[in-house]
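Sequence positions, counted from 1, serve as the residue numbers for this chain. Given the structure is predicted, the values throughout are model-derived calculations rather than measurements.
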Amino acid sequence: MTEERRSPAGIPIEETYTPQQVDIGGAEREAPGEFPYTRGIHRSMYRSRLWTMRQYAGFGTAKETNERFRQLLDAGQTGLSVAFDLPTQMGLDSDSPRAEGEVGRAGVAIDSVDDFAVVFEGIPLDAVSTSMTINATAAILLAMYVVVAEEQGTSRERLRGTVQNDVLKEYIARGTYIYPLEPSLRLATDILAFVIKERMPFNPISVSGYHMREAGSTAIQEIAFTLANAIEYIDHAVARGLAIDEIASRMSFFFAAHNDLFEEVAKFRAARRLWATIVSDRYGGNDKSCRLRFHTQTGGSTLTAQQPLNNVVRVTVQALAAVLGGTQSLHTNGYDEALTLPSEEAARLALRTQQVLAYESGVAQTADPLGGSHYVEHLTTTIEREARSLLAEVDKRGGAARAIESGFFQSAISRAAYADQRALETNEKVVVGVNQFDAGEPPARIRSPDYAELAAHQLDRIRATRARRDDKECGAAIERLGEGARGDSQLMPLIVDAVRARVTVGEISDALREPWGVYRPA
């Protein structure tokens, strides 16, 4: 009797697969670019256009972030992706007592639109596509992007990119929420409505499974819970009078790529098929709305501080899975990111990894090159079936928002994370250089930036902004925003006006905290 094998998501794996064993659901007759898009959303996929190489970057100061963006663009990157520090994500100014010790540590510190202007200094915003990983304060940072473009002379209709704006996963896995669920969903919907009304070629929401996967979810949970959150956003937007094809055609998704090559490829294929049938059957969406477009980032939680050069191999495998799975854009992590923000060398090598895949490996020569593999088709069908079952459970609980309030998502992910950690500790799961093939070398020592100096610099900047702005204009903008939040006004135009007046991230967030309160987990 042979030893039982299972994938990381717990799917039993046979020694071999034959056509008689595999239900591939009609996929043998499906072509790329055809509903339900299992094999990709475009007929020729990367033969006609490569995925966007969008490296994620954000350093303590706006000036440092601008320098890294310029380096990456010079190295051939085709899109920008901004990481923000925790105070910015939590709606706190750098001089808030609650921000002490966190300014500039997890990304760039942004207090006012003057900081954001420095991030993009010398980078024409009509010539790049920019992704912003920001959620609770997404409306403020999008407003800042609009104002920076305006002051560069670029109209809103020429701005391309994505704002994450997925606050539901913050309650589930990440924790950078501010307001209670319902006002947070209102604000997320306001962003959708604003981008549609202004005819911006911008994705107003990127529903993220990545952070749930980083928190320990399985691949099956990752796509099921992500699509459940997307359904919640659509339902709120439809209730506000937006049409399904206005909303769904502008939604994008964000997934992780981890180490099990074939499970990850199958996950992406299953997600496309599942989303297409949901949008078609549940909402009557058109073909464009049914096409699931997604960005992928390689797995930060899979990187090891021990033997960090091994991470180069992990990232390559994960990037390969994303490309074989049909991603529209990709970030590859630096090999040193378990230790620090990526060095210039590590960031360049991460980008070169994508370029070698694109131009040397042959994976871009044909669409869905693993389509028809008995193993991959079996995994695709199994993941879709299990994810559909989880979605039905969320529906029974009243949808994603109610399931979050009851702790359903959080408990499921915690159980999966515990099981994974136990497998590592018992050597059932092998991590090279950690619990196997460990030569006993200590983790590399990395010199950290002088965060105290960085914070002092940022405090000087926020004081300077406050000193030169018109306080009366700021006060009036804050008052209008507070009144709008207490009523039912569309808030994005009010936030844009406040940003233009140099009202800060913390001040705008406080104007909303006052009427809405803050979220307190049960």
Side-chain angles (χ1 to χ4, degrees), residues 2-30 32 34-41 209-210 212-213 216-228 230-231 253 255-281 290 292 294 296 299 317-318 320-327 368-396 409 412-413 415-417 419-420 423 428-429:
T2 59
E3 175 191 1
E4 183 184 54
R5 300 284 181 90
R6 289 181 177 269
S7 78
I11 300 170
I13 306 299
E14 303 296 333
E15 283 187 349
T16 187
Y17 288 88
T18 66
Q20 291 73 32
Q21 290 173 279
V22 178
D23 172 16
I24 61 176
E28 74 279 2
R29 297 184 298 277
E30 183 187 327
E34 293 182 358
F35 185 91
Y37 309 108
T38 311
R39 303 197 63 198
I41 61 171
Y210 182 87
M212 291 185 277
R213 190 67 180 280
S217 79
T218 67
I220 294 167
Q221 291 170 339
E222 179 187 358
I223 63 168
F225 295 164
T226 302
L227 299 189
I231 289 167
F253 293 81
F255 294 119
H258 279 207
N259 288 331
D260 191 292
L261 178 73
F262 296 108
E263 182 172 86
E264 294 300 302
V265 171
K267 175 189 75 179
F268 298 131
R269 300 171 89 250
R272 270 195 301 272
R273 190 156 75 201
L274 185 51
W275 181 243
T277 55
I278 288 169
V279 174
S280 176
D281 296 350
C290 291
L292 182 144
F294 66 96
T296 309
V317 171
Q318 294 164 9
L320 181 61
V323 173
L324 290 171
T327 192
D368 190 31
L370 291 182
S373 156
H374 301 138
Y375 180 40
V376 171
E377 297 293 358
H378 169 72
L379 288 173
T380 302
T381 300
T382 304
I383 290 171
E384 182 198 6
R385 182 181 65 246
E386 295 298 321
R388 194 179 290 278
S389 176
L390 272 178
L391 274 168
E393 183 66 29
V394 174
D395 280 343
K396 279 198 295 186
F409 291 151
I413 292 171
R415 289 193 298 271
D420 186 69
E428 181 184 345
K429 171 184 175 180

Does the salt bridge (Lys or Arg N to Asp or Glu O under 4.0 Å) test come out yes or no for Glu15 and Arg5, once each step is laid out? CA-CA 9 Å; Glu15 283 187 349; Arg5 300 284 181 90; over 6 Å; no

In chain order, what residues pass the side chain to side chain donor-acceptor pair (under 3.5 Å) check against Glu263, with sequence neighbours excluded? Ser7

Flag, side chain of [X] to backbone of [Y], donor-acceptor distance under 3.5 Å:
X      : Y      : answer
Thr277 : Leu274 : yes
Thr382 : His378 : yes
Glu222 : Phe255 : no
Lys267 : Gly325 : no

Kindly give the heavy-atom pair with the smallest separation between [X] and [Y], and that separation in Å.
X      : Y      : answer
Ala256 : Phe268 : O-CZ, 3.5 Å
Thr296 : Ala322 : CG2-CB, 3.6 Å
Ile383 : Ala270 : CG2-CB, 3.9 Å
Val394 : Ala228 : CG1-CB, 3.9 Å
Trp275 : Cys290 : CD1-O, 3.8 Å
Ala9   : Ala219 : CB-N, 4.4 Å

Hey, could you give me the [atom1]/[atom2] distance between [X] and [Y], rounded to the nearest 0.5 Å?
X      : Y      : atom1 : atom2 : result
Phe225 : Ile413 : CZ    : CD1   : 5.5 Å
Thr380 : Arg385 : OG1   : CZ    : 11.5 Å
Thr327 : Ile41  : OG1   : CD1   : 9.5 Å
Ile278 : Leu391 : CD1   : CG    : 5.0 Å

Do [X] and [Y] have side-chain heavy atoms sitting under 4.5 Å apart?
X      : Y      : answer
Leu227 : Leu292 : yes
Ile13  : Leu379 : yes
Ile223 : Phe253 : no
Glu264 : Leu324 : no
Ile11  : Arg6   : no

Passing option when Pro36 is tested against Glu30, Glu384, Arg272 for side chain to side chain contact (heavy atoms under 4.5 Å, CB included):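 Per the side chain to side chain contact (heavy atoms under 4.5 Å, CB included) rule, the option paired with Pro36 is Glu30, out of Glu30, Glu384, Arg272.
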
Report the C-alpha distance between Arg39 and Glu34 in whole Å, list the side-chain angles of each, state the deciding distance to 0.1 Å, and finish with yes or no for side chain to side chain contact (heavy atoms under 4.5 Å, CB included). CA-CA 8 Å; Arg39 303 197 63 198; Glu34 293 182 358; over 6 Å; no

Would you say that more than 12 heavy atoms from the other residues, nucleotides or ligands in this model lie under 6.0 Å from the CD of Glu428, or not? no

Those residues at least two apart in sequence (or on a different chain) that pass side-chain contact (heavy atoms from CB on, under 4.5 Å) with Lys429 are Asp420, Ala423, Val431

